[in-house]
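All remarks here apply to the structure that follows.
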Protein chains: 2
Amino acid sequence: MTQNETLVYHLLCQADRPLSAYNILDALRDKGIRAPLQVYRALAKLAERGAVHRIESVNGFVACQLHDCGGSEVSIFMLCTQCERADEFTDASIDKKLQALGDDRKFQAAHKVIEITGLCADCRSV
Amino acid sequence: MTQNETLVYHLLCQADRPLSAYNILDALRDKGIRAPLQVYRALAKLAERGAVHRIESVNGFVACQLHDCGGSEVSIFMLCTQCERADEFTDASIDKKLQALGDDRKFQAAHKVIEITGLCADCRSV
DNA sequence: ATCGATAATGTTATAATATAACATATGCGC
DNA sequence: GCGCATATGTTATATTATAACATTATCGAT
């Protein structure tokens with residue numbers, strides 16, 4: 001891992017919610033990161049390896065919470081609109097069914113996104 | 001449907017790929033749409049009713065291809081990176097499993113996103 | 001050790017996407 | 001007609017993402 005990737009990755013590991021590229025930029029300014037591109041480049045590399053995931057629904061990024069996701073299976077995210085937590089899961093049977101749905105249509109899947117937005121257990125009960 | 005919503009909706013119905021808000025703005029300038037907000041407002045209302053869907057992976061919008069999606073079931077999109085087509089499907093069993101996954105965690109789902117990016121059958125065989 | 005290729009960095013500028021804040025108009029029940 | 005809710009319009013600005021180009025490490029082959 002290069003310098004910038006390490007900085008970005010460690011920050012994401014400590015975060016308790018998805019961070020935007022600009023959140024990251026701001027947090028790492030005093031560590032020598034000065035431009036958006038430095039962040040986006042690090043994120044691209046990290047995502048490529050499955051060390052971080054992009055959360056499409058919030059334009060944010062999280063560190064992989066599962067086995068540094070070599071990424072055979074789809075990640076399923078539950079996103080709380082209240083506390084902003086992003087919890088990652090996998091589910092072999094959903095993955096299989098989704099793959100089958102694509103295969104049926106001769107669709108060659110390269111990347112899958114599954115995100116559920118709503119209220120987490122904690123926020124629900126408040 | 002209001003004037004602006006009608007304009008936006010009809011444009012999306014004719015499109016063969018997801019359109020960005022600014023694509024829509026440009027296409028409807030001569031129909032009197034002049035500002036991004038006019039488009040975003042129309043899209044918000046249309047999406048609320050299930051008449052259009054936002055495609056998170058491409059920051060674009062499509063008209064619902066299925067029964068003007070009263071929206072009981074999740075929409076599953078297959079997005080071709082080559083021709084940019086966005087085909088919509090539903091699958092009761094995937095929906096159910098995903099719902100169950102949330103329920104198990106006491107997660108109150110408000111919205112679900114499932115998107116598969118890759119190559120469609122046509123583009124694959126070229 | 002140094003040349004040269006490859007990957008990583010840094011920097012400025014700008015593109016693309018989305019919303020805030022405020023002013024005006026329009027339809028509709030009373 | 002009055003008052004309220006909803007729809008519109010407009011300007012400005014925030015947020016997210018990339019292009020283009022210059023510079024610097026890194027490291028193996030000679």
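Here is the naming used below: chain letters follow the sequence lines, and residue numbers restart at 1 for every chain.
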Starting at atom CG of A/Leu25, determine the distance to atom P of D/dT18, rounded to an integer number of angstrom.
15 Å
How many whole angstroms separate atom CG of B/Leu28 from atom C1' of D/dG9?
16 Å
Comparing B/Leu37 with B/Asn59, nearest DNA chain D nucleotide closer to 5' gives the residue B/Leu37
Taking B/Asp95 for its side chain and B/Ala92 for its backbone only, find out whether a donor-acceptor pair lies under 3.5 Å.
no
Taking atom P of D/dA17 as reference, at what distance in whole Å does atom CD of B/Glu56 sit?
11 Å
Test: B/Glu56 and A/Arg54 ion pair at under 4.0 Å
no
Tell me which one of A/Leu12, A/Val8, A/Leu11 satisfies side-chain contact (heavy atoms from CB on, under 4.5 Å) with A/Phe61.
A/Leu12
Provide, to the nearest angstrom, the distance between the NZ atom belonging to A/Lys31 and the C1' atom belonging to C/dT9.
19 Å
Chi angles and distances behind the side-chain contact (heavy atoms from CB on, under 4.5 Å) call for A/Ile114, B/Leu98:
CA-CA 9 Å; A/Ile114 305 185; B/Leu98 195 55; 3.9 Å; yes
Atom-pair distance (OH on A/Tyr40; P on C/dA13), nearest Å
19 Å
Please report the distance, rounded to the nearest Å, between CD1 in A/Ile33 and C1' in C/dG10.
10 Å
Pairs under 3.5 Å (N/O, protein and nucleotides 6-8 of chain D):
from  : atom 1 : to      : atom 2 : distance (Å)
D/dA7 : OP2    : B/Lys45 : NZ     : 2.7
D/dT8 : OP1    : B/Thr2  : OG1    : 2.9
D/dT8 : OP1    : B/Gln3  : N      : 3.3

Return the value, rounded to whole Å, for the distance between atom CD of A/Glu48 and atom C1' of C/dA7.
13 Å
Between A/Ala35 and B/Phe61, whichever has its closest DNA chain C nucleotide further toward 5' is A/Ala35
Do NZ/NE/NH1/NH2 and the carboxylate oxygens of A/Asp26 and A/Arg29 come within less than 4.0 Å?
yes
Take A/Cys64 and A/Glu88 through the side-chain contact (heavy atoms from CB on, under 4.5 Å) test and state the conclusion after the steps.
CA-CA 8 Å; A/Cys64 179; A/Glu88 182 178 0; 3.7 Å; yes
Can you tell me how far P of D/dT15 sits from CG of A/Asn23, to the nearest Å?
10 Å
Between the base of C/dA18 and the side chain of B/Tyr22, is there a donor and acceptor pair under 3.5 angstrom?
yes
B/Leu19 and its side-chain contact (heavy atoms from CB on, under 4.5 Å) partner, picked from B/Ile24, B/Val58, B/Ile55
B/Ile24
